[in-house]
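Counting starts at 1 for both ligands and their atoms, following the listed order.
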Amino acid sequence: MTAATNNPGKGEGQKVGVAILGLGTVGTEVLRLLNEKSEDFERRIGGPVEVVGVAVSDKSKPRPNVNPDLITDDAFSLVQRDDVDLVIEVIGGIDYPRRVVLEALRAGKSVVTANKALVAAHGAELSDAADSSGVDLFFEAAVAAAIPVVGPLRRSLAGDTVNKVVGIVNGTTNFILDAMDSTGADYQEMLAEATRLGYAEADPTSDVEGHDAASKAAILAGLAFHTRVTAADVYCEGISKITAEDIAAAKSADCTIKLLATCERVVDEDGSEAISARVYPALIPRRHPLATVRESFNAVFIEAEAAGRLMFYGNGAGGNPTASAVLGDLVAAARNIVHGGRAPGDSTYANLPILDFGQVRTRYHIDLHVDDRVGVLADVARTFSDNGISLRTVRQEGSDEGARLVIVTHQALEKELEDTVEQLRANDAVLAVNNVIRIEGMDV
Ligand code: HSE
């Protein structure tokens, strides 16, 4: 938290030199807006902002709207130049941007990044480098793009105790689940639709398997609980196993299914605290504010001791919304460059342990295909009770080929549920465990 150097500032009216690393959708928008609104930026900052270099991987690619003198493929040299005060990293990936951003921070340049994977994997190292040089490291765009959530957690809620952050932080998966919910179509069909409309990438793995949301959960949990959390600390399941039948079952329980990033402070009976960060598709009641988040929108729901419940909603992806967050950070960092000082760095003093996933407590919706004969229901119910799990509802639908049992539990530990499911799978009368979906948000 303590800066090794005090930044006195360049002084009112002095120029802030900016290097942009990466000229994809976001980098292009950032450059366009900086050029178009240069007078506004100057007034907001107290000195002019000038883009003095743009690093790209392929210099030969035609870029009609960019001054060719700005283009370089040597990002390492660019970030060290004396005329660069501030670096915007919008490259993506982890290893290469990590090395360039570290180079920039060590050279005393403030950094604004939109790179969630980088921050979630190496945030501590980057933050330490920023602290050592006394410069700023901002990453509002790394979580839910235009939606201000990093700033509120870092600043507005710094005086409160955050107990829970639950977010829909991936637009692709929200689009797919929402489309499944409104059309009744299956996952593959709606994934194809998301790809056709440009929401899903050619390789959708990172989105649909929850990795993108897990990076964002790590960042949110770290900020909310003043603890270092990496993506590797986040339990992660995606949406690719969600079926049209699951969505229909959720509907009949007056719920919908959302991919949730849940960050929670857990206090055990003896008062000791731990935190949990997890991503998985979950049933939530339709009355829950997050259930109203449709299409590819994102939202983050926060519960804090004094503030109560807050919800932040909006565009969580795309060139313009991401550029909005990057430029907000740019203004904050540039003001410090002109007027002196720096924003507080990472607050990780609490250093809370990460709860083992087996110790997470939630409710479950279990869909079984069983033999329809005497004693099977009692046998299944006994497996739950033997593992200490109390049942809330049990619904049976008969068919020619056995019966479908849909069971909803009261709160139980993941470990208890895992043992139960293992024993159910070993039971000859259980023909299939169709799906196990967690239930969140019942207390809202
Ligand atoms: N691919 C992400 C999404 C946006 O679908 O929300 C970038 O994190």
Side-chain angles (χ1 to χ4, degrees), residues 22 24-30 88-94 97 112-123 138-150 165-181 187 190-223 230-231 234 236-240 242 257-263 277 279-281 290 293-301 312-326 328-329:
T25 323
V26 179
T28 304
E29 269 308 292
V30 167
I88 294 177
E89 187 274 307
V90 283
I91 311 172
I94 297 184
V112 172
T113 177
N115 190 332
K116 76 225 71 155
L118 173 65
V119 177
H122 298 290
F138 288 134
F139 46 86
E140 181 64 68
V143 183
I147 306 173
V149 62
V150 170
V165 180
V166 187
I168 294 172
V169 289
N170 183 272
T172 306
T173 47
N174 203 51
F175 176 86
I176 294 171
L177 292 171
D178 182 48
M180 288 173 74
D181 186 84
Y187 167 75
M190 289 302 104
L191 170 61
E193 178 73 350
T195 309
R196 192 181 67 75
L197 294 172
Y199 292 116
E201 295 183 26
D203 176 0
T205 311
S206 166
D207 289 322
V208 299
E209 296 308 340
H211 308 146
D212 174 81
S215 291
K216 294 164 182 169
I219 296 170
L220 291 171
L223 293 165
T230 70
V234 180
C236 176
E237 276 177 33
I239 66 162
S240 57
I242 298 296
I257 297 180
K258 296 288 187 190
L259 183 70
L260 298 183
T262 302
C263 313
V279 169
Y280 44 63
L290 288 173
V293 179
R294 306 286 310 272
E295 302 169 351
S296 64
F297 284 96
N298 283 198
V300 178
F301 187 76
F312 302 81
Y313 169 90
N315 285 308
N320 255 318
T322 310
S324 163
V326 166
D329 281 350

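- Side-chain contact between E209 and S240: present, with at least one pair of heavy atoms (C-beta onward) separated by less than 4.5 Å.
- Between I91 and N115, every side-chain heavy-atom pair lies at or beyond the 4.5 Å cut-off.
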Checking Y199 against E295 for the side-chain contact (heavy atoms from CB on, under 4.5 Å) test, could you report, in this order, the C-alpha distance in whole Å, the side-chain angles of both residues, the deciding distance, and whether it holds?
CA-CA 10 Å; Y199 292 116; E295 302 169 351; 5.6 Å; no
List, pair by pair, the atoms of ligand 1 and of the protein that are both N or O and lie under 3.5 Å apart, giving the separation rounded to 0.1 Å.
| from | atom 1 | to | atom 2 | distance (Å) |
| --- | --- | --- | --- | --- |
| ligand 1 | 1 (N) | D207 | OD1 | 3.0 |
| ligand 1 | 1 (N) | D207 | OD2 | 3.3 |
| ligand 1 | 5 (O) | G171 | N | 3.4 |
| ligand 1 | 5 (O) | T172 | N | 2.9 |
| ligand 1 | 5 (O) | T172 | OG1 | 2.5 |
| ligand 1 | 6 (O) | G171 | N | 2.6 |
| ligand 1 | 8 (O) | K116 | NZ | 2.6 |
| ligand 1 | 8 (O) | D212 | OD1 | 2.8 |
| ligand 1 | 8 (O) | D212 | OD2 | 3.4 |
| ligand 1 | 8 (O) | K216 | NZ | 2.7 |

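- Looking only at distances, no side-chain donor or acceptor of D212 sits under 3.5 Å from a matching main-chain atom of D207.
- A distance-only check finds no donor-acceptor pair linking the side chain of N174 to the backbone of K258 [under 3.5 Å].
- A donor-acceptor distance shorter than 3.5 angstrom exists from the side chain of D329 to the backbone of E140, with no hydrogens or angles considered.
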